[in-house]
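Take a look at the structure set out below.
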Amino acid sequence: MFWISLMLVGTGVLLLWFWRKSIKTKSTVPLVREEKALAAEKNTTVIESPVKEFSILFGPGSSLLESQSMIRIRECLSPFILSQIGYITLIGSADASGNLATNRRLVKERIQAVESYLISLGIPKGKIEKVLLNPSFGRSFEQRRLLRSVQIQYKLETLK
């Protein structure tokens, strides 16, 4: 029994010795590569723009993205801007007049409509964040109209 324990301990020490030796010999090449990659990253700076935003309005009880809204999105997010987008946040809201559950559903549908259109323009889904606001009461007709919207906020990223 003593000899078996001694053999197991000896084998463990031998394996540990080989493992440590293999780490020392294998690690020199990857470390050089990592240092070169880190040096390149140190020379690269990402510059973020201030947050830019615009809103897309919807009709009462509607989540249909109308043609003038699509034109507005294409005007505000030109191909040049699309190539530099760091992220986009979609903030959906609705007027609270009417059924609350219906208004919450409209907020989701409006955001989905805008998100689908942005994806069709080439924006990766991973760069789109969604925020759903609870329906709010507008005091005037104009405030209620403005609440039926999806606000699009974005930042541009450029490398220096």
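Residue numbers start at 1 and run along the sequence shown. Since this is a predicted model, take the numbers as computed values, not measurements.
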Check: If you draw a 6.0 Å radius around NZ in Lys127, do more than 12 non-hydrogen atoms from other residues or ligands fall strictly inside?
Finding: yes
Note to self: Could you measure the distance from the CG atom of Leu90 to the CD1 atom of Ile128? Nearest 0.5 Å is fine.
What the structure shows: 6.0 Å
Note to self: Rounded at 0.5 Å granularity, tell me how far OG in Ser149 sits from CG in Asp95.
What the structure shows: 10.5 Å
Check: Are Glu115 and Lys125 close enough, and set up right, to give a side-chain contact (heavy atoms from CB on, under 4.5 Å), and what steps lead you there?
Finding: CA-CA 8 Å; Glu115 179 187 34; Lys125 190 172 185 164; 3.5 Å; yes
Notebook entry, point to check: Are Leu133 and Ile111 joined in one hydrophobic group, where the rule is that I, L, V, M, F, W and Y side chains link up if heavy atoms are under 4.5 Å apart?
Noted result: no
Margin query: So that I can tick it off, tell me whether Arg145 and Glu142 are bridged by a salt bridge, with the cut-off set at under 4.0 angstrom between side-chain N and carboxylate O.
Written below: yes
Margin query: If you compare all heavy atoms of Tyr154 against all heavy atoms of Cys76, which two are closest, and at what distance to 0.1 Å?
Written below: OH-O, 3.7 Å
Next item on the list: Rounded to the nearest 0.5 Å, what's the gap from OG on Ser97 to CZ on Arg144? Could you check?
Entry: 6.5 Å
Margin query: With side-chain contact (heavy atoms from CB on, under 4.5 Å) as the criterion, how do Thr89 and Glu53 come out once you've worked through the C-alpha distance, each side chain's angles and the decisive distance to 0.1 Å?
Written below: CA-CA 9 Å; Thr89 303; Glu53 61 184 52; over 6 Å; no
Notebook entry, point to check: Under 3.5 Å, is there a donor-acceptor pair between the Ser63 and Glu109 side chains?
Noted result: yes
Next item on the list: Could you check if a side-chain atom of Leu132 sits within less than 4.5 angstrom of a side-chain atom of Lys108, using non-hydrogen atoms only?
Entry: yes
Item checked: side-chain contact (heavy atoms from CB on, under 4.5 Å) between Leu82 and Leu118, intermediate numbers included -> CA-CA 10 Å; Leu82 288 174; Leu118 292 174; 5.6 Å; no
Note to self: To the nearest 0.5 Å, what is the distance between OG on Ser93 and CG on Leu106?
What the structure shows: 11.0 Å
Note to self: Side chains of Gln153 and Ile88, heavy atoms from C-beta outward: is any pair under 4.5 Å?
What the structure shows: no
Notebook entry, point to check: Do Tyr87 and Val51 come close enough that some side-chain heavy atom pair is under 4.5 Å?
Noted result: yes
Next item on the list: Flag the pair Glu66 / Met70 as yes when at least one side-chain heavy-atom distance between them is below 4.5 Å, and no otherwise.
Entry: no
Check: Are Arg72 and Phe54 side-chain neighbours, meaning at least one heavy-atom pair lies under 4.5 Å?
Finding: yes
Check: Does a side-chain heavy-atom distance below 4.5 Å link Arg148 with Arg110?
Finding: yes
Checklist line | Cluster link Phe58 to Val131, ILVMFWY, side chain under 4.5 Å | finding: no
Check: Do you know the tightest heavy-atom contact between Pro135 and Arg104?
Finding: CD-CG, 3.9 Å
Next item on the list: Kindly compute the distance separating CD (Glu157) from OG (Ser83), expressed to the nearest 0.5 Å.
Entry: 12.0 Å
Next item on the list: Search all heavy atoms of Val107 against all heavy atoms of Ala94 and return the closest pair with its distance.
Entry: CG2-CB, 3.5 Å
Note to self: Given 3.5 Å as the limit, does a donor-acceptor pair link the side chain of Gln143 with the main chain of Arg139, or not?
What the structure shows: yes
Notebook entry, point to check: What's the shortest heavy-atom distance between Tyr117 and Leu65, and which atoms?
Noted result: CB-CD2, 3.6 Å
Item checked: CG on Leu146 to OG on Ser136, rounded to 0.5 Å -> 12.0 Å
Notebook entry, point to check: Are the side chains of Val150 and Ile91 in touch, meaning some heavy atoms are under 4.5 Å apart?
Noted result: no
Next item on the list: Using the rule that two of Ile, Leu, Val, Met, Phe, Trp, Tyr join whenever any of their side-chain heavy atoms come within less than 4.5 Å, decide whether Ile152 and Leu121 are in one cluster.
Entry: yes
Next item on the list: For Ser62 and Leu64, indicate whether the former's side chain and the latter's backbone hold a donor-acceptor pair under 3.5 Å.
Entry: yes
